[in-house]
J.: 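Let me begin by handing over the structure; questions about it come next.
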Protein chains: 2
Amino acid sequence: MTALEILKQHEIKKTPARMAMINVLLDNKYPMSEMDIKERMAYLYDRVTFYRNVQTLASAGIIHKIVADNTTVCYALNICDHAHNHTAEYAHFFCEACHAVICMNQIKIPPYKLPNGYKFVDCDIIIKGTCEKCNL
Amino acid sequence: MTALEILKQHEIKKTPARMAMINVLLDNKYPMSEMDIKERMAYLYDRVTFYRNVQTLASAGIIHKIVADNTTVCYALNICDHAHNHTAEYAHFFCEACHAVICMNQIKIPPYKLPNGYKFVDCDIIIKGTCEKCNL
DNA sequence: ATACAAATGAAACAGTGTTGCAAAGATAAT
DNA sequence: ATTATCTTTGCAACACTGTTTCATTTGTAT
């Protein structure tokens with residue numbers, strides 16, 4: 001999937017800022033922070049445009065936001081090799097040592113039973129600890 | 001449990017700022033944001049002191065931080081009516097309409113199996129939706 | 001009462017996310 | 001091709017969150 005194909009498939013207009021953003025995310029396997037993305041977008045980067053496109057791409061289902069911690073927010077493409085099911089959701093791992101955010105494909109979000117009157121929309125699971133590399 | 005008893009039990013020095021903070025949390029059942037707490041602490045409030053005491057009280061196990069969303073962070077006492085087990089952890093519900101953060105005692109965090117090499121420390125589950133009151 | 005360590009408050013700063021507005025770019029119709 | 005329209009962009013300005021530094025104050029044990 002190229003950035004252009006992704007945009008066309010979701011009927012979102014192709015703009016340089018969006019193309020650059022998606023391409024940066026395509027080039028990296030792991031979820032990236034605003035800073036990570038900014039560093040790789042160079043002159044095409046404007047913070048307001050970035051946040052507006054985060055909104056646009058997220059509500060189109062192209063990317064999702066991962067809040068690992070209130071000071072660590074990452075963005076990742078919704079392309080999962082292992083499933084085409086866009087509604088399936090997964091836990092994320094946050095390494096407290098290197099601050100990497102990693103998608104835990106193995107850990108799916110179960111169907112929680114909320115008390116009467118509550119409506120479920122979404123669920124985020126953040127598992128904190130130390131990652132493979134940091135445990136060596 | 002009074003604020004003083006809580007501090008003594010954890011061998012944390014009694015100071016006006018800490019007493020006020022714990023008392024505000026004792027008076028409210030639901031997790032509170034910095035703003036919520038500030039509004040109820042009046043002249044005793046200084047932001048730096050607040051954040052330092054969040055650290056102190058959290059690492060002593062008196063309070064815990066709940067990151068409902070990157071722009072919604074709440075703090076709550078670790079007093080659970082239903083259990084003395086401090087290591088047990090629960091999911092939290094975040095109402096997208098009124099932004100209330102509610103402890104879901106019913107939903108415990110299961111023992112997730114991480115891939116080899118990963119070390120588990122902690123886990124946060126945030127369930128998003130709309131609450132009782134907002135669904136009326 | 002004193003002495004020492006811990007806690008506080010103020011100023012300054014960095015990062016994140018938003019709003020308003022004018023300019024630029026894309027789209028469609030004539 | 002030209003105009004009209006709508007979307008997107010980029011900039012300035014702002015609000016909020018969280019941290020660092022440092023001088024001063026306070027708590028507590030003796």
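Treat the numbers as computed from the prediction; the structure is a model and nothing was measured.
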J.: Checking A/Y51 against A/E34: is there a side-chain donor and acceptor pair closer than 3.5 Å?
T.: yes
J.: Hey, which of these two, A/T71 or B/N53, hits DNA chain C nearer its 5' end, going by closest nucleotide?
T.: B/N53
J.: Would a distance-only check, ignoring hydrogens and angles, find a side-chain to backbone donor-acceptor pair under 3.5 Å from B/N70 to A/N70?
T.: no
J.: Give the rounded distance in Å between these two atoms: CZ of B/R47 and P of C/dA11.
T.: 14 Å
J.: Roughly how many Å is it from CE in A/M19 to P in C/dA26, rounded to a whole number?
T.: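 Rounded to whole Å, this separation is 13 Å.
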J.: With the 4.5 Å side-chain cut-off for hydrophobic clustering, are B/M19 and B/L26 part of the same group?
T.: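 Yes, B/M19 and B/L26 fall within the same hydrophobic cluster.
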J.: Taking the minimum atom-to-atom distance to the side chain of B/K13, which one of D/dT28, D/dT17, C/dT18 wins?
T.: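 Ranking D/dT28, D/dT17, C/dT18 by closest atom to the B/K13 side chain puts D/dT28 first.
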J.: Is any side-chain N or O of A/R52 under 3.5 Å from a base N or O of D/dG10, one able to act as donor and the other as acceptor?
T.: yes
J.: Within the structure shown, what part of the strands sits under 4.0 Å from A/T15 by heavy-atom distance: base, sugar-phosphate, or nothing?
T.: sugar-phosphate
J.: Could you state the atom-to-atom distance from NZ of B/K38 to P of D/dA15 in whole Å?
T.: 13 Å
J.: Side chain of A/R18: nearest nucleotide among C/dG9, D/dC11, D/dT8?
T.: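 Closest nucleotide among those given: D/dT8.
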J.: Counting any heavy atom closer than 4.0 Å, what does B/P16 reach on the DNA or RNA strands: base, sugar-phosphate only, or nothing?
T.: sugar-phosphate
J.: Can you measure A/K14 atom NZ to D/dT8 atom P for me and round it to whole angstrom units?
T.: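 Distance check: A/K14 NZ to D/dT8 P gives 15 Å.
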J.: Using the side-chain heavy atoms of A/Q55, tell me which of these nucleotides is nearest: C/dT8, D/dT9, C/dT18.
T.: C/dT18
J.: What closest approach, in Å, do B/H64 and B/L77 show between heavy atoms, and which atom pair accounts for it?
T.: CE1-O, 3.7 Å
J.: Choose from D/dG18, C/dT16, C/dT8 the nucleotide whose nearest atom is closest to any side-chain atom of A/M35.
T.: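 So the nucleotide nearest the side chain must be C/dT16.
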J.: Mind telling me whether B/F50 and B/Y75 have parallel, tilted or perpendicular rings, with 30° and 60° as the class edges?
T.: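 Aromatic pair B/Y75/B/F50 classed perpendicular.
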J.: Provide, to the nearest angstrom, the distance between the CG atom belonging to B/D69 and the P atom belonging to D/dT17.
T.: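 Rounded to whole Å, this separation is 13 Å.
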J.: Would you mind reading off the distance between A/L57 atom CG and D/dT7 atom P, rounded to a whole angstrom?
T.: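 Distance check: A/L57 CG to D/dT7 P gives 17 Å.
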J.: Write down the distance between CG (A/D36) and P (C/dT16), rounded to a whole number of angstrom.
T.: 10 Å
J.: Which nucleotide, D/dC11, C/dT8, C/dG9, lies nearest any side-chain atom of B/A17?
T.: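 Among D/dC11, C/dT8, C/dG9, the one nearest the side chain of B/A17 is C/dT8.
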J.: Could you give the CZ-to-P distance, from B/F50 to D/dC16, as a whole number of Å?
T.: 15 Å
